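I have placed the structure first, in the form of structure tokens, so that the comments after it can refer back to it.
Lettering follows sequence order; numbering is per chain, from 1. Computed from a predicted model, the values in this text were never measured in an experiment.
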There are 2 protein chains.
Amino acid sequence: MDQRQALVAFGALSQETRLHIVRMLVVSGPNGMAAGAIAEKAEVSPSNISFHLKELERSGLITQQRESRSIIYTANYEALGGLIRFLMEDCCSGNPQICAPAAAVAACCAPATKEELQ
Amino acid sequence: MDQRQALVAFGALSQETRLHIVRMLVVSGPNGMAAGAIAEKAEVSPSNISFHLKELERSGLITQQRESRSIIYTANYEALGGLIRFLMEDCCSGNPQICAPAAAVAACCAPATKEELQ
DNA sequence: TCCATATTTCAATGATCCTTGAATTATTGA
DNA sequence: TCAATAATTCAAGGATCATTGAAATATGGA
């Protein structure tokens, strides 16, 4: 993830409906959700959800694939991880004061210790 | 950092000049930089840099304090860490697939291991 | 007090973004 | 083929954002 991508990704996440969509898709996992289901759950009109899904896809944070009449959207875990990495490493220069609290969170959900990752 | 703050922070980081400012302030450390020095280094007009600094302060990612004639801006490490934490924990639900690569980065710059943090 | 320095505020302009509803495209089943 | 479902595209509008230059504010020194 380079700076240009990160700028677009930050812009994508700076809108309430879009942040909501991303959170739903992360939770929904690899199966993803159809555009209609997203619209219904987010209580947004089909045309409006389509606008935001397009924006999120442009940012690379989600991907789409057609499945019969529906279009299934899925969170792009790699891109999301890349954005977190950009924020820690590039933007914050790996500053320990900033990254340490993040490391605590990461340690709780990630299976590996510091040693195992080096 | 709650969702409303995160939305504002993402918006703040989605603009090239502002992302540049944050990166400079992180590197410059606790001493921070005067508005004029930021403007000069970023090659942006004083009035324009003031606009962006105000936006960044509103987001909580930087803080200001007057020092004689200058106004010194400093990166808010806590807020930056909070944003990373939000992205990993709230937005991505602590998903290991997303957070593991981030954990690797954190392990490199943070002094603590998983065990030490629990 | 007067001037220079450092920065912000303000108004105006153009650009981008968000929302809405109508029209369009794509797919499936009768 | 025809109708129904699922989603996107398009045009129009209002709202927000970014940039500019001029004017205003705050501070420190002669």
**Side chain of Gln64(B) - closest among dT9(D), dT8(C), dC18(C)** = dT8(C)

**Message:** In whole Å, I'd like the distance from the CD atom of Gln65(A) to the C1' atom of dT27(C).
**Reply:** 16 Å

**Asked** Do the side chains of Leu61(A) and Met24(A) join up, straight or via other hydrophobic residues, at under 4.5 Å, putting them in one cluster?
**Response** yes

**Asked** When we call it a touch if two heavy atoms are under 4.0 Å apart, what does Ala39(B) touch: a base, just sugar-phosphate, or nothing?
**Response** nothing

**Asked** Nearest to the side chain of Pro46(A) - dT8(D), dC18(C), dT19(D)?
**Response** dT8(D)

**Complete:** Rounded to whole Å, the CZ-P distance (Phe51(A) to dA11(D)) equals 15 Å

Expected list for residues 36-56 of chain B: side-chain donor-acceptor pairs under 3.5 angstrom, two or more places apart:
| residue | atom | partner | partner atom | Å |
| --- | --- | --- | --- | --- |
| Ser45(B) | OG | Asn48(B) | N | 3.2 |
| His52(B) | ND1 | Arg18(B) | NH1 | 3.1 |
| Glu55(B) | OE2 | Arg58(B) | NH2 | 3.0 |

**Prompt:** Just checking Ser50(B): base, sugar-phosphate only, or nothing, at a heavy-atom cut-off of under 4.0 Å?
**Reply:** base

**Request:** Respond yes when some side-chain nitrogen or oxygen of Arg69(A) is under 4.0 Å from OP1 or OP2 of dG29(C), and no when none is.
**Result:** no

**Request:** Please lay out, stage by stage, how Tyr77(B) and Gln97(A) fare under the test side-chain hydrogen bond (donor to acceptor under 3.5 Å, both in side chains).
**Result:** CA-CA 7 Å; Tyr77(B) 289 14; Gln97(A) 263 186 280; 5.2 Å; no

**Asked** In whole angstrom, what separates Leu19(B)'s CG from dA18(D)'s C1'?
**Response** 16 Å

**Gap between atoms NZ and P, on Lys54(B) and dA6(C) respectively (whole Å)** = 22 Å

**Request:** Answer with base, sugar-phosphate or nothing: what part of the nucleic acid does Glu55(A) contact at a heavy-atom distance below 4.0 Å?
**Result:** nothing

**Message:** Measure CD1/Ile72(A) against C1'/dT27(C) and give the value in whole Å, please.
**Reply:** 13 Å

**Item:** Nearest-neighbour nucleotide for the Arg66(B) side chain, dT27(D), dT19(C), dT8(D) considered
**Value:** dT27(D)

**Message:** Nearest heavy atom decides the nucleotide; on that basis, is Ser47(A) or Arg18(A) closer to the 5' end of DNA chain C?
**Reply:** Arg18(A)

**Asked** Looking only at heavy atoms, what is the nearest atom pair of Ser59(A) and Ala9(A), with distance?
**Response** CB-CA, 4.1 Å

**Contact under 4.0 Å: Gln15(A) side-chain N or O vs dA15(D) OP1/OP2** = no

**Asked** Under 4.0 Å between a side-chain N/O of His52(B) and OP1 or OP2 of dC17(D), yes or no?
**Response** no

**Prompt:** Does dT8(D) have OP1 or OP2 sitting under 4.0 Å from an N or O in the side chain of Tyr73(A)?
**Reply:** yes

**Prompt:** Which of these passes side chain to side chain contact (heavy atoms under 4.5 Å, CB included) with Ile98(B): Ile84(A), Asn76(A), Leu83(A)?
**Reply:** Ile84(A)

**Asked** For the pair made of CE in Met33(B) and C1' in dA6(C), what is the distance, rounded to whole Å?
**Response** 15 Å

**Message:** Please give me the minimum heavy-atom distance between Leu13(A) and Phe10(B), naming the atom from each residue.
**Reply:** O-CD1, 3.5 Å

**Prompt:** NA contact type, Ser70(A), heavy-atom cut-off 4.0 Å: base, sugar-phosphate, or nothing?
**Reply:** sugar-phosphate

**Prompt:** Roughly how many Å is it from CD in Glu16(B) to C1' in dT16(C), rounded to a whole number?
**Reply:** 16 Å

**Request:** Give Ser68(A) one of three labels, base, sugar-phosphate or nothing, depending on what nucleic acid heavy atoms sit under 4.0 Å from its own.
**Result:** sugar-phosphate

**Request:** Send over the distance from Asn48(B) CG to dC10(C) C1', rounded to a whole Å.
**Result:** 14 Å

